[in-house]
Amino acid sequence: MSETHQRKTLIYLTGFMGSGKSTIGPILANTLGYDFADVDKVIEQRVGKSVKEIFAEDGEKFFRAIEHQVLAEMRAREHQVVSLGGGSIVDPGNFALVRSSGILVYLYSSQEQLFKRLQHKTDRPALTDKEGDRLPQEQLRDRVAHLFEARTPIYSQADLTIHTDGQTVGRSVDEIVKKISRYLRS
């Protein structure tokens with residue numbers, strides 16, 4: 001089908017790690033009768049390692065190359081919700097792939113909410129030190145703030161922004177469905 005048709009049937013969820021992409025994505029897909037894919041999980045299955053292991057053993061450059069391949073393959077799909085990694089669209093090539101093939105939905109959470117959600121996570125390479133250990137609280141807060149400030153201008157170019165702070169998952173899904181309905185006309 002044409003790119004216009006595909007744009008109406010692929011929904012990409014972007015946002016900072018901890019914003020709810022992997023939680024909201026499957027529920028949104030189920031609500032719409034779509035399939036669901038989590039890019040990080042696809043990469044883990046393809047490589048046979050966790051994202052954390054890929055970053056530690058193969059490096060971010062390797063991870064980003066696989067991520068780009070996965071996104072290029074997903075462009076051909078239809079009726080699918082895709083949860084992107086927090087840094088996926090920072091790469092201009094990935095951003096172009098996503099924007100040309102689907103609706104980009106930014107799940108916004110405040111820095112303070114993100115910090116609360118992420119402070120005990122150990123599986124996020126961007127939030128660990130060079131040895132893969134969790135950062136101390138103040139360094140973690142600084143890292144979240146730095147990444148948040150760097151990525152927000154990119155995230156804010158999404159087709160839609162959904163504020164998830166203080167909302168249940170169900171309300172966030174309902175809001176997305178309502179706002180994307182104009183893109184999903186058959």
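Since this is a predicted model, take the numbers as computed values, not measurements.
Residues L13 and V81 meet the side-chain proximity criterion, which asks for heavy atoms closer than 4.5 Å. Taking the side chain as every heavy atom from C-beta outward, Q80 and I11 never approach each other to under 4.5 Å. In this structure the side chain of I162 reaches within 4.5 angstrom of the side chain of Q167, judged on heavy atoms. Side-chain contact between I89 and L104 is present, with heavy atoms from C-beta onward closer than 4.5 Å. With a 4.5 Å cut-off on side-chain heavy atoms, L160 and I176 do not count as touching. A 4.5 Å side-chain heavy-atom check between V105 and L107 finds at least one atom pair inside the cut-off. Put simply, the side chain of F62 does not reach to within 4.5 Å of the side chain of E57, judged on heavy atoms. Using a 4.5 Å heavy-atom cutoff, the side chains of I27 and F36 are not in contact.
Legend: residues meeting side chain to side chain contact (heavy atoms under 4.5 Å, CB included) with E149, ordered by chain and number and at least two apart, are Q111. Qualifying side chain to side chain donor-acceptor pair (under 3.5 Å) partners for R141, counting only residues two or more places apart in sequence or in other chains: E112. Legend: residues meeting side chain to side chain contact (heavy atoms under 4.5 Å, CB included) with V90, ordered by chain and number and at least two apart, are R151, I154.
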Please lay out, stage by stage, how R77 and V82 fare under the test side chain to side chain contact (heavy atoms under 4.5 Å, CB included). CA-CA 10 Å; R77 298 181 184 178; V82 179; over 6 Å; no
Could you check R75 against S100 for side-chain hydrogen bond (donor to acceptor under 3.5 Å, both in side chains), going step by step and ending with a plain yes or no? CA-CA 8 Å; R75 278 174 43 136; S100 69; 3.3 Å; yes
Applying side chain to side chain contact (heavy atoms under 4.5 Å, CB included), run through I43 and R46 and close with a yes or a no. CA-CA 5 Å; I43 293 168; R46 185 168 293 184; 5.6 Å; no
CA sep, side-chain torsions, deciding dist, call: D91, R64, side chain to side chain contact (heavy atoms under 4.5 Å, CB included): CA-CA 8 Å; D91 174 87; R64 296 296 176 199; 5.8 Å; no
Working note: I103 + L10, criterion side chain to side chain contact (heavy atoms under 4.5 Å, CB included); need CA distance, chi angles, decisive distance, verdict. CA-CA 6 Å; I103 304 161; L10 280 174; over 6 Å; no
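Side-chain polar atoms of D165 and S110 form a donor-acceptor pair below 3.5 angstrom. In the model, T164 has no side-chain atom that pairs as donor or acceptor with a side-chain atom of R171 under 3.5 Å.
Annotation: the span from L97 atom CG to E67 atom CD amounts to 10.5 Å, rounded to 0.5 Å. If you take NZ on K179 and CG on D174, they are separated by 12.5 Å, rounding to the nearest 0.5 Å.
The side-chain hydrogen bond (donor to acceptor under 3.5 Å, both in side chains) pairs that include a residue from residues 10-20 are Y12-S101, where partners are two or more places apart or lie in different chains. The list of salt bridge (Lys or Arg N to Asp or Glu O under 4.0 Å) pairs with a residue in residues 22-43, not counting sequence neighbours, reads K41-E44. Here ring-ring contact (aromatic ring centres under 6.0 Å, His included) pairs that include residues 133-171, with residues two or more places apart or in two chains, are Y106-Y155, Y108-H163.
Using a 4.0 Å cut-off between charged nitrogen and carboxylate oxygen, D159 and R99 count as a salt-bridge pair. Taking a cutoff of 4.0 Å between a charged side-chain nitrogen and a carboxylate oxygen, E138 and R143 do not qualify as a salt bridge.
Remark: side-chain polar atoms of K21 are paired, donor with acceptor, to backbone N or O of G15 under 3.5 angstrom.
Using a 30° and 60° split on the angle between ring planes, Y34 and H79 fall in the perpendicular class, above 60°.
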